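The next block holds one structure in the form of structure tokens; read it before the comments.
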Amino acid sequence: MDTFDLLRLGIDVVFTPLTLFFILIGNLLGVIFGALPGVSASMAVALMVPFTFKLDPVGSIAFLSAVYCAAITGGGIPAILFKIPGTPASAVTTFDGYPLAVRGESGRAMLVVLVSSAVGGIVSALAMLLVSRQLSELGLRFGPSELFAVACLGLSVLTSMDEERMVKTLISGLLGLFIATMAMDPVEGVPRLTFGFSYLLGGIPMIPVMIGMFAVSEVLKQVIRPTQIKSDKVIDFKRSRKWLSFREWWDLKMTMLRCSVLGTIVGILPGAGATISSFLGYSMEMKFARHPEEFGKGSLHGLSASETSNNAATGGSMVPLLSLGIPGGNAAAVMVAALMLQGVQVGPMLLKTQPAYLSGVFVSMVVTNVLMIFVAFGVALAFAKLMDIPYHFLGPLIILFASVGSFATQSNLTDVMTMVAAGFGGYLMAEFHYSPAALTLGLVLGDICENNLRRGVMIAGGDYWAMLSRPITAGLLLACAVFLALPVIRRILRGNRQAAA
Amino acid sequence: MSVELILNVAILAFSIFCYWFVGATTPPSSMPGIMSAADWPRLILIGLVIALSINIVKLLRESKKSAGAEAKKWRELFPPRFIVAFVILVAYSIILEYLGFLPSTFLFVMAFSALIGLRKISHLVLGALCSSVAIYVIFQILLQVLLPRGMGVFREFSIFLEGLF
Amino acid sequence: MLFFTESVMCRDWLDTNAKAKEECIMKRLFGGVAVLLTLSMLVFLPLVGEAKEFPARGIDIVVPFGPGSGTDTTMRALAPELEKALGVPVVVINAEGSGGLKGMEFASKQPADGYTLFCHTPTHILAEIQNLSSISLTKNFIPVARLVQDSVLVTAGVKGRFKTWDEMVEFAKANPGKVTVAGLSPKGIDAVSMKMIAKAAGIELNFVPFGGGAEAKSALLGGHVDLANDDPANSIELVKAGEMNALLVATDQRLAAFPDTPTSYEKGINITVGPWRGLATIKGTPPEIVAKLEEAVKKAYESESFQKWMKDRMLDQRPGWMGSAELQKKWEEDIAFFSNAFKELGL
């Protein structure tokens, strides 16, 4: 079956009134759920499963993948407006999105987020349709040692995040890595640095820390030093300065392209996903950027990198699901369960015997990613209205969203305390110019880094050299070493020059 | 001594303590030649200790240069408003367990709005009521997220409310 | 919610200054809210303390793992049937974290009135043996019923070194510790069962723990590990497609779906441990309520739709059902059995 037939098959599946209607609803609800902190993308998909009983199996998965894509995009809305990541995958979006909003450019930020998301989603959907087989084989090549190298590559950005305050950024990142080790040891299965608290056995939860560091600390800062966030009339289409000029869009083309490819690949990797993808995309773009010093202060490139990569990961994560039947993440696991309820076994035969699944998901994702721009813009407008509320109501409201967001995933009130503590820590770090962003980077990548290193060493029977010299691993680690050292060397050289002058 | 310096020294001390503690509380690796539970944290702690030491030296040098004038003072860093805000947050995270979501959220929003500068009692009550009910409707009723129910009579109130929808 | 949108809308329409706008909204809101509050209080107060026959309201099932996990899907399949049997809403709550412990601690804090069911697995028994939490399954909960029992299936990738169990045993005997096997938590049920199987077979395996079933399977298919500890439902499609071989199943009888896979008994390994999923409620719940719950769960279990779900999920391969009394005995047996296993395996 050639690509054209595949495509027509998919269009036949999706363009029935009922499925199309469901996809539209899925889009709307997905964006809203994603924008509400505390409802992760996988939870959004799980909430939608009962609706699939009205659809046939192919329609169901097309519908659920639409919800998934939309939820990941929706997470960017509160990230820009309130510095609360709606889903963990949009934590990186806060780095540049919120500074833009403070400057009164939330409309521009929102546009960049939506268009980047759509580009990332569509490119990865195309990759899924055309080279699914090859991609899933590529994904399987990444064993523990390769994944360790990928995580290292993400960490290598630590030295270039803020070149003026390299030591402080390093301390922040190392603290994040250290906090990630306070948990049940992944290999020996013994409590490590938990000081007897069973709460810590699962590790310090990532979502409350992120929300606390970003949103709560921001509210605390506003309480003592109110700075009016300019509410941006995003709706005002007449004022063209709110829009991006063609030049500005054109400037972002390489960022979107690179991050689409990266996000798709990371999405395929076992154990990674949209969150890690956005951190890696951001790290990579910082290396390529002409103005890396703008990252974290409202760079459109940074914003685009984050959202392109996390949406590209959605297409990527469908690859192992459809070609092998292995769900790459929680959301995919929910989709498998939903299909099973309809009596469909997901496995490698599915793609060979029923290509409609692949093409159906593809068409649904493309439709979703285009529709989403408009749907999410509408939802964003509704959310932007909240900005008009006077701060004596908005401040507590942000804390409420943050608390429910921290609480909801584990139904655990200790998580709310963790969030408050993280808010305090985040405030102190920001006051002294340490980097909360670096800390979350360490926290997110710490587990995947350590676990895969130790797995790799175990598989190699304790032979470190054999593990690290595997071709992909060695290549990635070499790149990582160069990235780590480059800013340091540049700085020393600059220092020498200054000393000579 | 500046706040930043004290924090740096405290984290340095804690890191050194943890370096010892993690080795003392985890067993050696179960297979010869592979990493034990303590190895990875220790690797990070070494990096942390080095980075902190460099930073402390830098801070000391800067404070000597500027004679402590530039460093942030306690008062500046933690003004009374900040302390009150933080206490309200901590109190909220504690009473959630006992009073349940709606009552504790109501109290929290009132306290926090008042702190930010709202003085009218009627506005305080209404604002708190609207925002807590709005969040309750969105999460508990529409999304079926189980919000904290509280204990005793508060629990019964929460369960009664849930029964209505 | 309504007031809220109204206030936002109002802001948009009027174009006076913000202070006046706020005033106008507030006044409008005041009346409505006051009426609502009084009304709800009037309805609520007489209801407090009123006793009704069980169940008077909805029941929560606490699932200590995330959406899409095995326990989660089982409970979501059971919930609609349980709803029919009890006549009240049944809501599944995910409280994941710390390998199932956070959910257990959350459930244990609920009152002993029968309105909270806790979905548990051998993981919680193992946690009790290791003293991982101050809450323990046997001391803080009462068993209601066990629903399903799964089997352990040992698989190998087709591109890997081993096609059969015997081939693997032979190689492992010659090269102790060189055969790697992927599984989940290092002291969880699959690690313990795998180590017991290896011990009984007289070989030494290198158990590599992975973060999730998908990660473990990718490592197996990519040839990074030799074997994986799996379950029938999650491997049948890959085995059928010829991507994996099923080497051994830890049961006493061959599974209908894997007619060519030898059992552990055939290989002289007398181990049939496998993960199971059950329901418990909080200790102190009156016995008549527990009996009612057990009866309802049994009805839901026997329903056509749940039986079909079990069949699709290949959980019908071994008898799973156990009532409250039987499950109580099973808990005690498992505690004794796994404590012993931990000692013997030196965990």
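Protein chains get the first letters and strands the later ones, always in sequence-line order, with residue 1 at the start of each. Being a predicted model, the structure only gives us computed values, none of them experimental.
Between A:K221 and A:E431 there is no salt bridge, since none of the side-chain N atoms of the basic residue sits less than 4.0 Å from a carboxylate O of the acidic one.
Proximity to chain A is absent for every atom of B:L142, based on heavy atoms less than 4.5 angstrom apart. When heavy atoms are compared at a cutoff of 4.5 Å, B:N8 approaches chain A solely by way of its side chain, counted from C-beta outward. Contacts between B:F82 and chain A at a heavy-atom distance below 4.5 Å involve backbone atoms as well as side-chain atoms. For A:P191, the part sitting under 4.5 Å from any heavy atom of chain B is the backbone (N, CA, C, O) and nothing else. Only the side chain of B:I11 comes within less than 4.5 Å of a heavy atom of chain A; its backbone N, CA, C and O stay farther away. With a threshold of 4.5 angstrom between heavy atoms, B:L96 approaches chain A through its backbone and through its side chain. Within the 4.5 angstrom heavy-atom criterion, only side-chain atoms of A:F407, from C-beta onward, approach chain B. Heavy atoms of B:S15 lying under 4.5 Å from chain A are absent altogether. With a 4.5 angstrom heavy-atom cutoff, B:V109 touches chain A via backbone and side-chain atoms both. With a threshold of 4.5 angstrom between heavy atoms, B:Y136 does not approach chain A through any atom at all. Looking at A:V39, the atoms closer than 4.5 Å to chain B (heavy atoms on both sides) all sit in the side chain, from C-beta outward. Heavy-atom distances place no part of B:I50 under 4.5 Å from chain A, backbone and side chain included. For B:L45, the part sitting under 4.5 Å from any heavy atom of chain A is the side chain, from C-beta outward, and nothing else.
Taken from CG in A:L400 to CZ in A:F393, the straight-line distance is 12.5 Å, to the nearest 0.5 Å. The structure places CD of B:E76 at 10.0 Å from CD1 of A:I224, a figure rounded to the nearest 0.5 Å. In this structure, B:S158 OG and B:L102 CG are separated by 7.0 Å, a value rounded to the nearest 0.5 Å.
When side chains are defined from C-beta on, A:V416 does not count as touching A:V404, because their heavy atoms never get closer than 4.5 Å. Using a 4.5 Å heavy-atom cutoff, the side chains of A:D185 and A:E188 are in contact.
A distance of 6.0 Å or more separates the ring centres of B:F139 and B:F101.
The backbone N or O of A:P436 sits nowhere less than 3.5 Å from a side-chain atom of A:S172 that would complete a donor-acceptor pair.
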